[in-house]
Amino acid sequence: MNDSDWRRAPWPGGARIALSLVVNVEEGAEARIDDGDPWPEPVDELSASPRRAIRNYGNESNYAYGIKAGAPRVMRLLEERRLKATFTAAAVALERASTLATQIVAGGHEVCAHGHRWIHQFRMDEAQERAFIQDAAASIERTTGTRPIGWLSRYLLTPNTRRLLIEEGFTYHMDDYSDDLPFRHEEPGGRIAVVPYAIDTNDMKMWTDPAYTPAHWLDYARESFDRLYKEGMEGAPKMMSLGLHLRIIGRPGRIGYFERFLDHIQAHEGVWVALRRDIADCLP
């Protein structure tokens, strides 16, 4: 099957749209003074940062909320709906949240590497980045029993990232926003699947823009799904990514909007709620 033929073919089971639920696990791996970082993480809900390099106990508790209160709501909803998600996890976050890691494994979900810690890698030289990737993979394998095959950087990557991922045995990469379908990327050392992510349907918009309410997010997510579903039913298959964060969507005033989105997509036939590794496996 060539690329043009594949892009017209349906997903497994005749589905016309693949929906990827991506749950980011970053809490406990963010920049922190007590972990040796020069500055603490900015406060999500306020987009504020202290002007001095001091430990921000309040924001540490804001991140802890994602594990303590947000995660149980997200996990309960996925279990009730019998849906599988790809958990893009900073390795240290999972190390420090062993109960959540156990639930992810027991639920049959996928863990994709989101760095060793939730820090930027674009400033790293090649040796540093290779070690960063190796440390993340080894840590997640120790925590979950399975080595990750997918990677998502924190915002930015380097010219070496995809080649290093291929060398370390990763089979797909998420740092791309260029398409509604996955594709193959060629490097001198081999090929890697690119499974594009999406920023516009990500729940982080609710704290980067305080005026963007949960209702706005739900409306936009449903509109995105409806358009991609229509296009998939009329011709070429499509893929949609929905990015979520435990400390954001897991809040009591937001989790219900995620539930309403699931109500919406589950009322449609021909929807494949898929792990990203399974989407990547569909590529010829």
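This is a predicted model, so every value here is computed, not measured.
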Do you see a donor-acceptor pair shorter than 3.5 Å between the side chains of [X] and [Y]?
X	Y	answer
H264	R222	no
T86	E110	yes
R123	T158	no
D176	Y197	no

Are any of the side-chain heavy atoms of [X] and [Y] separated by less than 4.5 Å?
X	Y	value
P72	Q103	no
L157	H173	yes
H109	V23	no
I17	M233	no
I119	F132	yes
M240	T201	yes

Sidechain N-carboxylate O distance under 4.0 Å for [X], [Y]:
X	Y	result
R76	E80	no
D34	R55	yes
R7	D179	yes
E126	R130	yes
E231	R16	no

*Between CZ of R81 and CG of L21, what distance do you get to the nearest 0.5 Å?*
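Here the interatomic distance stands at 11.0 Å.
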*When rounded to the nearest 0.5 angstrom, what is the spacing between OH in Y177 and CD1 in I199?*
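Y177 atom OH to I199 atom CD1 measures 4.0 Å (nearest 0.5 Å).
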Atom of [X], atom of [Y] and distance for their closest heavy-atom approach:
X	Y	answer
A29	V92	CB-CB, 4.1 Å
A136	W151	CB-CZ3, 3.8 Å
G108	K84	O-CD, 3.8 Å
P182	P196	CA-CD, 3.7 Å
V195	R276	O-NH2, 2.9 Å
G28	D35	O-OD2, 4.3 Å

Report yes or no: does [X] contribute a side-chain atom to a donor-acceptor pair with the main-chain N or O of [Y] at less than 3.5 Å?
X	Y	result
D135	H116	no
N24	E26	no
E41	A31	yes

*Given the rule in the salt bridge (charged side-chain N to carboxylate O under 4.0 Å, His left out) test, do E167 and R163 qualify, once you have shown the distances and angles that lead to the verdict?*
CA-CA 6 Å; E167 292 175 3; R163 174 175 54 81; 3.2 Å; yes
Do the side chains of [X] and [Y] join up, straight or via other hydrophobic residues, at under 4.5 Å, putting them in one cluster?
X	Y	value
I279	V194	no
L165	L152	no
L94	V105	no
L77	L100	yes
I67	V74	yes

Check whether more than 12 heavy atoms from other residues, nucleotides or ligands sit under 6.0 Å from atom [atom1] of [X], and answer yes or no.
X	atom1	result
E186	CD	yes
Q266	CD	yes
E79	CD	no
R184	CZ	yes
K68	NZ	no

Fit a plane to each ring of [X] and [Y], take the angle between them on a 0 to 90° scale, and name the class: parallel (under 30°), tilted (30 to 60°) or perpendicular (over 60°).
X	Y	value
Y212	H216	tilted
W272	W11	tilted
F261	W217	tilted
H120	Y155	tilted

*Carefully, step by step, assess E141 and T146 under the rule side-chain hydrogen bond (donor to acceptor under 3.5 Å, both in side chains).*
CA-CA 5 Å; E141 185 172 15; T146 302; over 6 Å; no
*Does the ring centre of F87 sit less than 6.0 Å away from the ring centre of H114?*
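Between F87 and H114, which both carry aromatic rings, the centre distance is not below 6.0 Å.
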*Does NZ or CZ of R251 fall inside the cone over Y65's six-membered ring, less than 6.0 Å from its centre and within 45° of the axis?*
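Yes, a cation-pi geometry.
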*Regarding R260 and the six-membered ring of Y257, is the cationic atom NZ or CZ under 6.0 Å from the ring centre and inside 45° of its axis?*
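Judged by the rule (NZ or CZ under 6.0 Å from the ring centre, within 45° of its axis), R260 counts as positioned above Y257.
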*Could you give me the CA-CA distance, side-chain angles and deciding distance for K230 and E234, then say whether salt bridge (charged side-chain N to carboxylate O under 4.0 Å, His left out) is met?*
CA-CA 6 Å; K230 181 177 185 291; E234 292 176 347; 2.8 Å; yes
*asked:* Just to verify, what does E27 make a side chain to side chain donor-acceptor pair (under 3.5 Å) with, not counting sequence neighbours?
replied: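 Partners of E27 by the side chain to side chain donor-acceptor pair (under 3.5 Å) criterion, ordered by chain and then number, come out as R247.
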*asked:* Is there a salt bridge (charged side-chain N to carboxylate O under 4.0 Å, His left out) between D37 and R117? Walk through the geometry before answering.
replied: CA-CA 11 Å; D37 297 300; R117 292 184 59 221; 2.6 Å; yes
